[in-house]
Amino acid sequence: MDIKWIKTFIVAAKYENFRKTSEELFLTQPAITKHIKRLEESLNIQLFERDGKKIALTPAGHHFLPFAREMIAKYDQGLNDFESWKQGYKRKLIIAAAPQIASSFLPSILRKFMDNNPDIEVIINVLKSFDIGEEMSAGRADLGLTRIVPIQTNIKCDVVHEELVKLVGPTEACTFDEQMVLQNYRLITHNHPVYWDQLLKNVKTHYPTVRTMKVNQVEVTKRFIEEGLGVSYLPFTVIKDELAMNKLVEIKSDKISPSASCTYVLTKVETDEVSIFINFLKDTMMAR
């Protein structure tokens with residue numbers, strides 16, 4: 001039994017159409033027909049009813065489908081595990097991380113962590129903070145790093161880091177105070193999933209004529225600020241490098257009380273790899 005026949009069967013079962021199957025698999029329709037025929041001969045049973053160009057799963061086809069999916073899943077997992085072994089990995093850690101975290105402090109932490117643990121293969125899935133709880137709940141990641149508390153009740157959530165939010169602007173505004181930048185620049189908002197509603201209400205209380213612009217990506221927000229398109233309130237770890245390189249400048253708060261931004265670590269099952277990473281993360285964040 002050829003693995004290609006089983007993969008063809010699964011796609012054909014999805015569409016119940018050989019033409020669409022051939023388009024997805026980039027094979028000719030005669031090749032699709034041949035794969036299905038060979039599989040049926042191997043199993044000694046008919047998997048599809050054929051009526052002209054129309055096909056439909058037989059009861060045997062319906063019964064075989066979950067087994068086929070399980071075989072392909074195990075086959076793919078086996079190949080992935082073998083490839084990891086070839087690269088010298090003995091363990092694996094899948095991390096679901098929010099974009100803000102993945103593009104700020106996580107790279108430097110990962111570099112040190114992987115240097116210290118060369119036998120652990122680290123896989124990073126970058127997802128919106130709102131989606132990380134579901135990713136953890138479904139067991140598709142070993143550990144989550146997010147800026148919000150998840151709604152799922154079957155996962156554990158701990159604060160691993162808390163930091164103040166800074167008002168930052170372009171270098172040309174280095175001599176401006178809070179009032180001046182909010183009068184002369186647009187306030188770029190909603191690039192963080194938690195603090196903006198309350199913060200914006202606070203800003204408008206003191207500066208009711210402030211102009212705003214919503215941008216839902218931190219990296220885009222920073223580029224906009226560098227180009228003089230506006231100012232924004234961002235977590236310190238997000239703008240630490242830009243401040244050090246004088247690409248952005250911090251504007252001291254006057255009337256606006258600084259908000260706080262938390263980084264949460266999510267776990268469902270705390271494996272040895274998860275424990276090692278969490279302890280390393282906490283030690284590293286405390287040292288910053």
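All figures in this text were calculated on a predicted structure; none of them were measured in a lab.
Remark: the R147 side chain and the Q100 side chain contain an N/O donor-acceptor pair separated by less than 3.5 Å. Side-chain contact, H35 with T8: a donor N or O sits under 3.5 Å from an acceptor N or O. In summary, the side chains of E270 and S275 do present a donor paired with an acceptor at a separation below 3.5 Å, with no hydrogens or angles considered. For the residue pair E172/Y185, the side-chain donor-acceptor check at 3.5 Å is satisfied. Side-chain contact check for N191 and S232: at least one donor-acceptor pair (N or O, by modelled atom type) lies under 3.5 Å.
Residues K20 and E24 are not paired through a salt bridge, judged by the lack of any N-O separation under 4.0 Å between the basic side chain and the carboxylate. Salt bridge status for D158 with K156: present, with a side-chain N to carboxylate O gap under 4.0 Å.
Judged as a salt bridge (charged side-chain N to carboxylate O under 4.0 Å, His left out), not a single pair has a partner in residues 99-113 (not counting sequence neighbours). Residue pairs meeting the salt bridge (charged side-chain N to carboxylate O under 4.0 Å, His left out) criterion with at least one partner in residues 212-226, sequence neighbours excluded, are E219-K222, K222-E242, R223-E226, R223-E227.
Environment of NZ in K247: sparse, with no more than 12 heavy atoms of neighbouring residues, nucleotides or ligands closer than 6.0 Å.
Legend: residues meeting ring pair (Phe, Tyr, Trp, His ring centres under 6.0 Å) with F280, ordered by chain and number and at least two apart, are F113.
A continuous path of ILVMFWY side-chain contacts below 4.5 Å connects V122 to V126, so both sit in one hydrophobic cluster.
Y195 and Y233 have their aromatic ring centers separated by at least 6.0 angstrom.
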